[in-house]
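Notes follow once the structure below has been shown.
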Amino acid sequence: MARRTGRRPGNPDTREAILAAARAAFAERGFDATSIRAIATAAAVDPALVHHYFGTKEELFRATVAIPVDPAELLPAVLAAGPDGAGERLVRTFLAVWDSPTGVAAVALLRSAVSNEWTGRLLREFLVTQVLRRVLDRLDLDPAERPLRGALVGTQMIGLAMMRYVLRLEPVASADPEALVAAVGPTVQRYLTGDLRG
């Protein structure tokens, strides 16, 4: 009889207890104020088990929100060429994810966030800590402006997702992605680096 290789699957009840504790903690206290130790305590497990099942705090957070992609892998390419054109590259990357097979999970999450306050809090924390902060921290911006700039970028991205993938408003729903990049990208660029006073 051949031996199985790789990590043992572990106890699904333990994994679910950790996920439930993490969802509650992230929704109540936010990403920054939540620790692995606090999640482990709430789940009645050792903190090492949290790392065993989920790896880092960021990976655990993505699992609680059920996000199918890792922004840490996608965003460096958006920012690699510098601040000029970052808005267009961000919209292009966003559309590529949502138009791919993994976009189905993102649409389900967005629908749930609209009708469920708890899911909405988790999605907001994900956008702020895993996406917007990663982008804004790489740009030379006044720290006092970052929250407003991030929120404005969020209005464009979530608004675009709602119209294209949830409400399916035409002609946005069937538009060529590059047409949307050309239309929305400059607005996102202004929110990232432009003058917000005018």
For residues [X] and [Y], determine if any side-chain heavy atom of one lies less than 4.5 Å from a side-chain heavy atom of the other.
X	Y	result
Glu125	Phe26	no
Phe54	Arg62	no
Thr93	Leu75	no
Arg190	Leu152	no
Phe61	Thr129	yes
Leu139	Arg146	no
Asp140	Thr193	no
Arg149	Leu141	yes

Extract all donor-acceptor atom pairs below 3.5 Å that involve side chains of residues 175-186 and protein atoms in other chains or at least two apart in sequence.
residue	atom	partner	partner atom	Å
Asp176	OD2	Glu178	N	2.9
Glu178	OE1	Arg92	NH2	3.0
Glu178	OE2	Arg92	NE	2.7

Which side-chain N or O atoms in residues 36-49 pair as donor and acceptor under 3.5 Å with protein atoms at least two apart or in another chain?
residue	atom	partner	partner atom	Å
Thr41	OG1	Arg37	O	2.9
Asp46	OD1	Ala48	N	2.8

Among residues two or more places apart or on two chains, list those pairs meeting ring-ring contact (aromatic ring centres under 6.0 Å, His included) that have a residue in residues 157-179.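 Listed by first then second residue: Trp98-Tyr165.
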Listing request: all ring-ring contact (aromatic ring centres under 6.0 Å, His included) pairs with a residue in residues 113-148, at least two apart in sequence or in separate chains.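 Not a single pair qualifies under ring-ring contact (aromatic ring centres under 6.0 Å, His included).
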Counterpart residues, side chain to side chain donor-acceptor pair (under 3.5 Å), relative to Thr187 (two or more places apart):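 Thr187 satisfies side chain to side chain donor-acceptor pair (under 3.5 Å) with no other residue.
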With sequence neighbours excluded, residues passing salt bridge (Lys or Arg N to Asp or Glu O under 4.0 Å) with Arg124: none
Are Val128 and Ile158 linked, directly or through intermediate hydrophobic residues, by side-chain heavy-atom contacts shorter than 4.5 Å (ILVMFWY only)?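 Result: no, two separate clusters.
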Decide yes or no on side chain to side chain contact (heavy atoms under 4.5 Å, CB included) for Gln130 and Arg134, but give the supporting numbers first. CA-CA 6 Å; Gln130 305 300 304; Arg134 288 178 194 270; 3.0 Å; yes
